[in-house]
Protein chains: 2
Amino acid sequence: MKRRTWQRAAVQDALTGRDDFVSAQALHSQLRADGSSIGLATVYRALADLAEEGEADSLQAEGESLYRACASPGHHHHLICRSCGRTVEIEADDIEAWAASTAAAHGFRDPQHVVDVFGTCAACAARQDARIP
Amino acid sequence: MKRRTWQRAAVQDALTGRDDFVSAQALHSQLRADGSSIGLATVYRALADLAEEGEADSLQAEGESLYRACASPGHHHHLICRSCGRTVEIEADDIEAWAASTAAAHGFRDPQHVVDVFGTCAACAARQDARIP
DNA sequence: CTCCGAGTTGAGAATGATTCCCACTAGCGA
DNA sequence: TCGCTAGTGGGAATCATTCTCAACTCGGAG
């Protein structure tokens with residue numbers, strides 16, 4: 001049975017309130033800073049649950065897991081700014097088809113794929129150009 | 001200055017001797033089992049160096065980094081069996097082009113991408129079918 | 001060939017993220 | 001409301017990875 005607790009709601013709200021990928025630790029700090037008394041273990045559990053239910057997407061970067069509440073409910077990928085973390089959701093039917101056919105061509109079954117694109121967004125690129133030259 | 005030590009060679013050899021992704025820990029165990037007295041820290045260092053020099057590819061899975069000596073020298077992706085770890089190297093010019101144009105379309109600069117496909121290889125699928133029904 | 005110095009090594013400690021443990025709390029159906 | 005049990009919290013435990021530092025060794029100079 002799955003219960004609705006204010007803790008889960010708090011985690012989901014905190015996640016929905018941002019449009020970039022956050023680590024569990026960072027989310028926990030933010031919640032504590034906002035006056036919540038939620039525990040770190042609970043944040044990890046809530047995030048794992050959300051990810052499993054498809055309510056959130058996750059990716060690994062620099063040795064830690066980052067999570068994000070996604071607007072599109074279906075399967076999609078991300079274009080992530082490596083400087084500010086801003087994230088754009090992208091659809092890529094071609095990629096899905098390519099992954100499926102490539103897997104099949106090599107006799108692989110039940111293909112899953114990890115596709116994420118990192119880059120420097122226009123704003124950050126401009127900021128860097130202005131500082132460095 | 002970069003020196004040639006038997007430890008680096010041992011790590012590279014051990015990596016070349018397998019065609020699947022291995023964790024630093026597993027590689028270290030294997031080397032020790034083979035009678036080497038190499039240290040864990042050294043294995044980590046050697047793998048990080050190999051990855052940086054493009055001699056090996058790495059990916060993150062289940063909270064740990066996995067490494068593999070790759071046959072193709074250039075940029076490519078992987079099709080990995082989630083059951084036995086067997087890996088097939090795949091070229092995907094379409095993906096490169098797609099990643100570049102998608103990034104550009106959103107104003108992102110210097111795109112890098114992570115593209116890996118996981119599945120169950122024919123052998124493992126057959127083994128599972130034979131055991132479960 | 002020998003010597004010297006800086007890049008390397010290895011064992012264990014330190015770090016950092018994540019998970020486990022378990023007594024306690026609080027949803028939810030009856 | 002009552003009781004059952006999933007969920008919680010916090011501190012300990014775990015695990016991968018990195019750091020520390022004294023000992024070591026590759027490789028060029030002499």
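None of the values given here were measured: they were computed from a predicted structure.
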Let me have the donor-acceptor pairs involving side chains of residues 59-67 of chain A, under 3.5 Å, with sequence neighbours excluded, atom names and distances please.
| from | atom 1 | to | atom 2 | distance (Å) |
| --- | --- | --- | --- | --- |
| A/Gln60 | NE2 | A/Ser65 | OG | 3.2 |

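Remark: the backbone N or O of A/Gly85 is paired with a side-chain donor or acceptor of A/Thr87 at under 3.5 angstrom. A donor-acceptor contact shorter than 3.5 Å links the side chain of B/Ser101 to the backbone of B/Trp98.
For D/dG9, one of the phosphate oxygens OP1 or OP2 lies less than 4.0 angstrom from a side-chain nitrogen or oxygen of A/Gln7.
Atom CD of B/Glu52 is surrounded by 12 or fewer heavy atoms from other residues, nucleotides or ligands within 6.0 Å.
A pairwise comparison of heavy atoms in A/Arg82 and B/Arg109 identifies NH1-O, 4.3 Å as the closest pair.
B/His76 is linked by a ring-ring contact (aromatic ring centres under 6.0 Å, His included) to B/His78, counting only residues two or more places apart in sequence or in another chain. For the side chain to side chain donor-acceptor pair (under 3.5 Å) test, no residue two or more places apart in sequence or in another chain qualifies with B/Arg86.
Between the CD atom of A/Gln60 and the C1' atom of D/dT17 there is a distance of 15 Å, given to the nearest Å.
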Going 5' to 3' through nucleotides 18-30 of chain D, assign each nucleotide B (protein heavy atom under 4.0 Å from a base atom), S (under 4.0 Å only from sugar-phosphate atoms) or - (no protein heavy atom that close).
-> BB-----BBS---
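Nucleotides of DNA chain C lying under 4.0 Å from heavy atoms of chain A occupy a range whose first and last members, 5' to 3', are C/dA17 to C/dC28.
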side-chain hydrogen bond (donor to acceptor under 3.5 Å, both in side chains) between A/His75 and A/Glu91, intermediate numbers included | CA-CA 8 Å; A/His75 176 80; A/Glu91 308 275 329; over 6 Å; no
Trace of the side-chain hydrogen bond (donor to acceptor under 3.5 Å, both in side chains) decision for B/Arg45 with B/Gln7 | CA-CA 10 Å; B/Arg45 279 186 289 244; B/Gln7 285 97 334; over 6 Å; no
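Side-chain contact, A/His77 with A/Glu89: no donor N or O sits under 3.5 Å from an acceptor N or O.
Taken residue by residue, residues 9-34 of chain B places heavy atoms nearer than 4.0 Å to DNA chain C at B/Arg32.
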